[in-house]
Chemist: 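Before anything else, here's the structure in question.
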Amino acid sequence: MDNNDYRASHYRQLDDGTVECMLCPHHCHIADGKTGVCRSRRNRNGVLYSEVYGKPCALAIDPVEKKPLYHFHPGTKCLSVACTGCNFRCLNCQNHDISQASPDQVPHYRLSPEQLVALCEEHHCPGIAYTYTEPLTYIEYVTDAARLAHERGLWNILVTAGYVCQQPLADLLPYLDAANVDLKSFSDEIYHRVSGGRLSTVLDTILAMRDAGVWIELTNLVIPGINDDMEMIRSMCRWMTDNGLAGTPLHFSRFFPKYRMKDVPPTPVETLRQARQIALDEGIRYVHLGNV
């Protein structure tokens with residue numbers, strides 16, 4: 001075991017030496033020496049460890065618009081940070097080289113939460129964005145850094161697919177200022193087939209963020225032949241308005257062939273325009289097109 005591996009939260013020990021991870025709805029039963037779906041949480045002798053705590057694999061200074069957040073302090077920059085790991089298996093993953101990799105397959109830095117916050121201040125960034133992979137899979141690192149950043153008056157931005165159980169999310173929410181949630185489709189079947197998850201959990205995450213006063217923007221990557229059905233998009237927009245999210249910015253993003261979807265063509269720009277018009281017709285006030 002790496003001396004810097006960090007004992008994870010949100011799990012329980014089972015009688016046969018396995019552990020049940022309680023972080024996300026997968027509830028992985030992890031045998032000794034093995035990891036869960038996210039590849040970054042390992043059972044060692046009945047104790048679950050995060051193998052990426054304080055070990056980011058990516059650091060960058062980005063415009064906040066790149067997250068994308070268009071209505072949260074536009075024109076400012078943020079320190080972006082990521083560790084390896086994701087609890088989805090999206091066939092179209094844009095960052096699969098770090099999100100679909102094990103920690104020992106990717107070079108990383110050593111950066112404690114205190115050092116991360118200090119780095120943010122050193123570069124005069126007003127906030128930190130936990131992004132690129134799935135930050136909720138290394139929630140201990142995110143929560144500790146976010147708490148320190150919050151105490152220093154820095155913003156905390158979460159870029160996430162939102163697949164997490166409610167209690168771990170509740171521990172993080174007091175320190176979050178903004179989030180972009182990737183709402184991949186409005187079909188449970190598509191979520192299961194393309195990403196390996198369920199829609200209802202993501203919707204619960206969005207509503208919990210809304211109730212906590214987090215600034216939310218949603219991104220919907222429109223993939224030809226997968227989630228480009230306009231009636232499904234209309235249903236998504238109606239769910240937003242029905243749940244007090246008409247003022248939540250919605251980003252329709254253009255798909256390009258990637259990872260295990262290299263045989264799917266790019267999204268026609270006209271498809272995005274149709275989606276945007278539907279969203280406006282349904283009462284969504286801020287609708288943006290991305291990757292065009």
Side-chain angles (χ1 to χ4, degrees), residues 64-72 86 88-95 99 131-132 134 136 157-164 178-210 214-259 261 264-292:
V64 72
E65 289 86 353
K66 188 179 177 182
K67 296 305 100 189
L69 291 171
Y70 283 9
H71 298 253
F72 181 80
C86 186
F88 272 174
R89 289 286 181 268
C90 299
L91 302 178
N92 58 295
C93 183
Q94 297 180 23
N95 292 321
S99 70
T131 180
Y132 302 145
E134 178 45 72
L136 293 173
I157 298 168
L158 191 73
V159 183
T160 178
Y163 204 62
V164 67
N180 186 290
V181 181
D182 191 3
L183 184 51
K184 297 178 182 294
S185 78
F186 211 67
S187 160
D188 192 64
E189 185 275 328
I190 293 172
Y191 253 93
H192 183 64
R193 173 163 51 93
V194 176
S195 301
R198 295 296 184 186
L199 170 63
S200 59
T201 296
V202 181
L203 300 183
D204 288 344
T205 295
I206 294 168
L207 296 179
M209 289 178 172
R210 176 204 65 186
V214 176
W215 177 259
I216 309 166
E217 301 193 22
L218 303 180
T219 296
N220 179 228
L221 179 71
V222 182
I223 307 174
I226 301 294
N227 66 344
D228 58 348
D229 177 80
M230 291 300 147
E231 286 310 306
M232 183 171 64
I233 288 173
R234 188 181 301 278
S235 296
M236 178 180 71
C237 296
R238 285 179 176 171
W239 177 86
M240 290 177 63
T241 57
D242 288 347
N243 286 278
L245 299 170
T248 296
L250 175 59
H251 303 255
F252 288 113
S253 192
R254 191 182 187 201
F255 165 86
F256 288 96
K258 193 75 173 179
Y259 194 36
M261 280 193 175
V264 178
T267 315
V269 175
E270 182 55 34
T271 299
L272 298 185
R273 291 186 179 131
Q274 291 176 23
R276 181 177 187 273
Q277 189 57 56
I278 285 173
L280 293 171
D281 290 345
E282 292 299 328
I284 307 301
R285 294 198 287 274
Y286 310 109
V287 188
H288 304 284
L289 304 186
N291 289 344
V292 295

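We number each residue from 1, following the sequence as shown.
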Chemist: Atom CD1 in Ile216, atom CG in Leu250: separation rounded to 0.5 Å?
Modeler: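 Answer for the CD1-CG pair, Ile216 versus Leu250, is 12.5 Å.
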
Chemist: Tell me, with the steps shown, if Thr248 and Glu217 meet side chain to side chain donor-acceptor pair (under 3.5 Å).
Modeler: CA-CA 6 Å; Thr248 296; Glu217 301 193 22; over 6 Å; no

Chemist: Do the side chains of Val159 and Asp182 get nearer than 4.5 Å, heavy atoms only?
Modeler: no

Chemist: Compare every heavy atom of Ala246 with every heavy atom of Gly283, then report the nearest pair and how far apart it is.
Modeler: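 Residues Gly283 and Ala246, closest heavy atoms: O-CB, 3.5 Å.
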
Chemist: Taking the side chain as everything from C-beta on, heavy atoms only, tell me whether Asn227 gets closer than 4.5 Å to Lys184.
Modeler: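 When only atoms from C-beta onward are counted, Lys184 and Asn227 do not touch, as no gap falls below 4.5 Å.
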
Chemist: Heavy-atom distance under 4.5 Å between the side chains of Met236 and Leu218, does that happen here?
Modeler: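 Met236 does not reach Leu218 side chain to side chain.
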
Chemist: If every non-hydrogen atom of Pro266 is compared with every non-hydrogen atom of Pro257, which pair is closest and at what distance?
Modeler: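 Closest approach of Pro266 to Pro257, heavy atoms only: CG-CD, 3.9 Å.
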
Chemist: Side chains of Ile190 and Met232, heavy atoms from C-beta outward: is any pair under 4.5 Å?
Modeler: yes

Chemist: Mind listing the closest non-hydrogen atom pair of Ala178 and Leu69 along with its distance?
Modeler: CB-CD1, 3.9 Å

Chemist: How long is the gap from NE2 on His192 to OG on Ser185, to the nearest 0.5 Å?
Modeler: 12.5 Å

Chemist: Ignoring hydrogens, what is the shortest heavy-atom contact between Thr219 and Ser253? Give both atom names and the distance.
Modeler: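 Looks like CG2-CB, 4.2 Å.
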
Chemist: To the nearest 0.5 Å, what is the distance between CZ (Arg276) and CD (Glu270)?
Modeler: 12.0 Å

Chemist: Checking Ser187 side chain against Glu189 main chain: does a donor-acceptor pair fall under 3.5 Å?
Modeler: yes

Chemist: Determine, stepwise, if the pair Phe255 / Ile226 fulfils side chain to side chain contact (heavy atoms under 4.5 Å, CB included).
Modeler: CA-CA 11 Å; Phe255 165 86; Ile226 301 294; over 6 Å; no

Chemist: Given Val194 and Met261, is the side chain to side chain contact (heavy atoms under 4.5 Å, CB included) satisfied, shown in steps?
Modeler: CA-CA 10 Å; Val194 176; Met261 280 193 175; 3.9 Å; yes

Chemist: Can you say whether the rings of His251 and Tyr70 are parallel (under 30°), tilted (30 to 60°) or perpendicular (over 60°)?
Modeler: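 Perpendicular: the ring planes of His251 and Tyr70 meet at over 60°.
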
Chemist: Measuring from atom CE of Met209 to atom CG of Leu158, what distance do you get when rounded to the nearest 0.5 angstrom?
Modeler: 5.0 Å

Chemist: Keeping Asp188 on the side-chain end and Leu199 on the backbone end, is there a donor-acceptor pair under 3.5 Å?
Modeler: yes

Chemist: So, for Asn92 and Tyr259, which heavy atoms are closest and what is the spacing to 0.1 Å?
Modeler: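 The pair with the smallest heavy-atom distance is C-CB, 4.3 Å.
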
Chemist: Going by heavy atoms in the side chains, are Tyr191 and Leu183 under 4.5 Å from each other?
Modeler: yes

Chemist: Is the shortest side-chain heavy-atom distance between Thr241 and Ile284 below 4.5 Å?
Modeler: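 They are in side-chain contact.
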
Chemist: Kindly give the heavy-atom pair with the smallest separation between Ile278 and Met230, and that separation in Å.
Modeler: CD1-CB, 3.5 Å

Chemist: Between Arg254 (side chain) and Thr267 (backbone), is there a donor-acceptor pair under 3.5 Å?
Modeler: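 Such a contact is found between Arg254 side chain and Thr267 backbone.
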
Chemist: Distance from Phe252 atom CZ to Leu272 atom CG, nearest 0.5 Å?
Modeler: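 Separation between the atoms: 8.5 Å.
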
Chemist: Drop me the distance from His71's NE2 to His288's NE2, to the nearest 0.5 angstrom.
Modeler: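 Reported value, rounded in 0.5 Å steps: 3.0 Å.
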
Chemist: Among all residues two or more places apart in sequence or in another chain, which pass the ring pair (Phe, Tyr, Trp, His ring centres under 6.0 Å) test with Tyr163?
Modeler: His26, Phe88

